[in-house]
Every structure is written in C-alpha cells, then in structure tokens.
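In what follows, a single structure is set out as structure tokens and then discussed.
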Amino acid sequence: MPPIPLNNRTYPVDVHRRRLAASLPLLVTALYLKPALADPSVHQASRNLMGTRLDITVQGSDRRALAAAADAAFATMAQLSDSLSRFNPTSRVNALHLMAGVRPLSVDPGLMSVLQQAQHLAQLSEGAFDITVGAYSQWNFEPGQFRLPTAAELTAEARLVDHRDLILDSRQGTAYLRRRGMRLDLGGIAKLPILEAGLQTLRRHGVRHAMLNGGGDVRVMGGLLGRPWRIGLRDPRSPSRMLGSVALSDGWVAASGDYERCFDRDGRHYHHILDPRTGWPTRGPHGITLVSRDLPDINGIGAAMMVAGSAWARSSLAARPGVDALIVDRNQSVWTSGGMPALLHA
C-alpha cells in the first residue's frame, strides 16, 4: 500500500492508468468485506439499481430476517429510483419534460424536496451544479454504446440549460420547466437520498448494523463483527488501487470522479460529469471524496466541486465543519481537509 499523502503533497502519477470502474464496482469495500462474509451472522445482497451495482451488507442474529430486510430496502430504493428517473416514461420527472414550456405540474413532497435541494445548491455554486443538464442528451457513456456529441449539438443544447428556468412553487406543490425541450437529470443529487431511504427501511426492520454501497457512495450504521465499517478510498488516477481507508460507524463516504462512466477517444478522456455551461466533461479535479455524518452537508456537493474546481471546493469546505475531504487535483496532487489525515488508514 502506498503511503497516505498529507496536505498538498504530490502523489506519483500512474502512467499506466486504467479505466476499471465498470469491472471493479466493489473495490471500495471488497477487500475489507471478503473475510467477514464467511461469518454466518453477515448477509450480503446485490442488485443493479440507479445505473450501478448496489450492495447491502448487514449483520445480525437471524439470517432470514436480514435477507427479508435487505429485500425490503431494495424495494424501497427501486420505487424511489423509478419515481426520480428521467428514463422512466411514467415518472413525474418525465412528465415535467413533456409539459416543459406548457404548464406547471404537481409533484409529490419527495420530488419537491430533491428539486429544492438542487436549486439551493445551484444558487450556492453559481450554476456549477445544475440539474437542467439533462438537456445534454447526445452523450452516451454506456459500454459498447459510447457516443461523443458534436460541438454544434452541444451549443444547441446549452441554450436549454439554466437552473433559473426551473420554477418551483412550494405552496402549490408544483414544478415547471419554462422552455420547451428542457430536461432534468437528478443523478447528481438523488442517489444519496435513495440510499438513505434504504437504510431507514433496514432500521425499521430491526437491523442495527448495515452498509449500503452504490457505485462508491457508501452509507453505514453500526459496525461489522464488533468494529466500525472500514471503507477504502479509490485513487481516481488508478481506480484499481486505493489511497487508504476510513473507519465509520455512522455516516457517509461519497465519491465523485472522472473514472466512473467514461471512455477515451483520440487521446482524450471523456466522463459523465458535465459542465452545465458547455456540455463538455469537467476539467477540474480528477476525483473528490467526502466524509460526513449528515446527508445535507454533502448531497450534490461533490459534483458541484468537480465543475467549479478545487479553489471553490476548498472555500466551500471551510463553511462545512462537519465534512472532511480528499481531492485529487488535475495536476495529480492530493489535498486533504484538516481532519482527513486523522481519518485515513493504510
């Protein structure tokens, strides 16, 4: 294991960097979980959800009850994911697209809450985070179906991207996309609330020790075999290795990076986190990992930081004392917040 870097120290560049995110969705925790899974008190289940592999690992005295609780959590998350998905033709999000430029639609309190959080973050980041990036529809990051839009396509679609044209009326419970052709993409802000809903379902089923891992975003409570959960942090410059790990018994590890849903073409790397102003992938940090106990402190912030850049990320963190961060910058250096070195273990 390489040494853990300290503030502003440069970490060696892996010149043979490989894009292994699709084949290593569980690297963040798999190395630490494997021995524990042999214990009869530990149960793990996996499903494909939200465009990624989602794992639930739970511990308790009754394996049947654990399995039932995990199934219930998956059902909760699948239902919520469907309701927030732009790809689900029956979702309210898709209905908003159909009625864009026509009239407001009523939305349920859960969707309204997510939209309000997104708008708050858009204002806070001066548009670096913007859920109307759904208008950039010509990209395709699915394996075997990669598509690179033309500059003309992105220029045309950019005219439909502006968070100020999403009008929310909390009194009436309505949302409205002001211009025809506008589309939402809630992927940057919906995943963590979905994971939280799954965890709360587990809690209602009596589970006290659990970890939910969805594409590098991890929510934990309790512990594993009497110890806190140990969560590895992937190196975005070489996703097949880790920078270290953190131990948590209640909270979040949320990662954003240019190594998820990506492809290389003509010597250039393209990834799915788009700059709302241009439609092109961000050119800021390679990756950002946030550690926090509270969901509101980190939801969507990683994506905003990827767009706005390291300087904004650091200033934003200064106003979030409950959040620690590790940022791998464009120049390959690694920066950590004040409390992060104490959390990191080899």
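Contact of the L111 side chain with the L186 side chain is registered, since non-hydrogen atoms from C-beta on lie closer than 4.5 Å. Side-chain contact between L225 and D39 is present, with at least one heavy-atom pair separated by less than 4.5 Å. M112 has its side chain out of reach of D108: every pair of non-hydrogen atoms, C-beta onward, lies at least 4.5 Å apart. Using a 4.5 Å heavy-atom threshold, the side chains of R314 and W312 count as separate. Residues S316 and V323 form no side-chain contact, since every pair of their non-hydrogen atoms from C-beta on lies 4.5 Å or further apart. Side-chain contact between H43 and T57 is absent, with no heavy atoms from C-beta onward closer than 4.5 Å. Between I167 and R178, some side-chain heavy-atom pair lies under the 4.5 Å cut-off. Counting heavy atoms from C-beta on, the side chains of T150 and T155 never come closer than 4.5 Å.
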Show, in sequence, the C-alpha distance, side-chain angles and deciding distance for Q119 and Q123, and conclude whether the side chain to side chain donor-acceptor pair (under 3.5 Å) test is met.
CA-CA 6 Å; Q119 290 296 72; Q123 295 167 6; over 6 Å; no
Please determine whether side-chain contact (heavy atoms from CB on, under 4.5 Å) holds for the pair L195 and L54, giving the CA-CA distance in whole Å, both sets of side-chain angles, and the decisive distance to 0.1 Å.
CA-CA 9 Å; L195 292 177; L54 173 58; 3.5 Å; yes
Report the C-alpha separation of I131 and V114 in whole Å, then their side-chain angles, then the decisive distance to 0.1 Å, and conclude whether the side-chain contact (heavy atoms from CB on, under 4.5 Å) test is met.
CA-CA 10 Å; I131 57 174; V114 171; over 6 Å; no
Run the side chain to side chain donor-acceptor pair (under 3.5 Å) test on H269 and D264 for me, step by step, so that the C-alpha distance in whole Å, both residues' side-chain angles and the decisive distance to 0.1 Å come before the verdict.
CA-CA 4 Å; H269 183 63; D264 294 304; 2.8 Å; yes
Starting from the C-alpha separation in whole Å, work towards a yes-or-no answer on side-chain contact (heavy atoms from CB on, under 4.5 Å) for S256 and M305.
CA-CA 9 Å; S256 299; M305 291 175 173; over 6 Å; no
Show your working on side-chain contact (heavy atoms from CB on, under 4.5 Å) between M211 and L224 and close with a plain yes or no.
CA-CA 9 Å; M211 179 178 68; L224 180 65; over 6 Å; no
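Looking at R92 and S106, their side chains do bring a donor and an acceptor atom within 3.5 Å of each other. Between the side chains of D324 and S337, at least one donor-acceptor pair of N or O atoms lies under 3.5 Å.
Residue S137 comes nearest to E157 through the heavy atom pair OG-OE2, 3.2 Å, listed as atom of the first residue, atom of the second, then distance. Closest approach of M340 to L233, counting heavy atoms only: CE-CD1, 3.8 Å. Here the closest heavy-atom approach between residue A175 and residue L96 is recorded as O-CD2, 3.4 Å. Counting all heavy atoms, side chain and backbone alike, S170 lies closest to Q116 at CB-NE2, 3.5 Å. Nearest heavy-atom pair across T336 and P341 is OG1-CG, 3.6 Å. Nearest heavy atoms, G198 versus A73: O-CB, 3.5 Å.
Here CG of D165 is found 4.5 Å from CZ of R179. Values are rounded to the nearest 0.5 Å. Here the CZ-CD1 distance, from R283 to I273, works out to 13.0 Å after rounding to the nearest 0.5 Å. Between the CG atom of D71 and the OG1 atom of T201 there is a distance of 12.0 Å, given to the nearest 0.5 Å. Here M242 contributes atom CE and I231 contributes atom CD1; the two are 12.0 Å apart, rounded to the nearest 0.5 Å. Separating the CG atom in L154 from the CZ atom in R159 is a distance of 11.5 Å, to the nearest 0.5 Å. Annotation: the span from W229 atom CH2 to D250 atom CG amounts to 13.0 Å, rounded to 0.5 Å.
H209 contributes a side-chain N or O that, together with a main-chain N or O of G223, makes up a donor-acceptor pair within less than 3.5 Å. With hydrogens and angles disregarded, no donor-acceptor distance shorter than 3.5 Å links the side chain of Q117 to the backbone of N299. A donor-acceptor contact shorter than 3.5 Å links the side chain of R237 to the backbone of Q332. Looking at S125, its side chain does come within 3.5 Å of a backbone N or O of L121 through a donor-acceptor pair. R147 places no side-chain N or O within donor-acceptor distance of the main-chain N or O of E142, the cut-off being under 3.5 Å. In this structure, R180 contributes its side chain and L98 its backbone to a donor-acceptor pair below 3.5 Å. Checked by atom type and distance alone, the side chain of D275 never pairs as donor or acceptor with a backbone atom of T282 at under 3.5 Å. In this structure a side-chain-to-backbone donor-acceptor pair under 3.5 Å is present from S91 to N88. A donor-acceptor pair under 3.5 Å is absent between the side-chain atoms of Q138 and the main chain of E153, judged by distance alone. In this structure, the side chain of S83 engages the main chain of L80 through a donor-acceptor pair within 3.5 Å.
Note on R219 versus D217: no salt bridge recorded, every NZ/NE/NH1/NH2 to OD/OE distance being 4.0 Å or above. Using a cut-off of 4.0 Å between Lys/Arg side-chain N and Asp/Glu carboxylate O, D185 and R86 are scored as salt-bridged. Checked for salt-bridge contact, R320 and D294 miss the test: no charged N lies under 4.0 Å from a carboxylate O. Salt-bridge check for D62 with R64: failed, with every basic side-chain N at 4.0 Å or more from each acidic carboxylate O. A salt bridge links R234 with E260: the closest approach of a Lys/Arg side-chain nitrogen to an acidic carboxylate oxygen falls below 4.0 angstrom.
Residues V307 and W139 are members of separate hydrophobic clusters, defined by side-chain heavy-atom contacts under 4.5 angstrom among Ile, Leu, Val, Met, Phe, Trp and Tyr. Hydrophobic clustering (ILVMFWY, side-chain heavy atoms < 4.5 Å, transitive): V93 and F87 are in distinct clusters. Under the 4.5 Å side-chain heavy-atom criterion for ILVMFWY residues, a single connected hydrophobic cluster contains both V42 and L248. With hydrophobic clusters built from ILVMFWY side chains whose heavy atoms lie under 4.5 angstrom apart, W252 shares a cluster with M50. When the side chains of ILVMFWY residues are joined at heavy-atom separations under 4.5 Å, either directly or via intervening members, L192 and L317 end up in a single hydrophobic cluster.
No close placement of the F141 and F146 rings is indicated, their centers lying 6.0 Å or farther apart.
The cationic atom of R330 (NZ for Lys, CZ for Arg) does not lie both less than 6.0 Å from the six-membered ring centre of W335 and within 45° of the ring axis.
Surrounding CZ of R164 are at most 12 heavy atoms belonging to other residues, nucleotides or ligands under 6.0 Å away. In the displayed structure, Q79 atom CD is contacted under 6.0 Å by at most 12 heavy atoms of other residues, nucleotides or ligands. The number of heavy-atom neighbours closer than 6.0 Å to CZ of R293, taken from other residues, nucleotides and ligands shown, is 12 or below.
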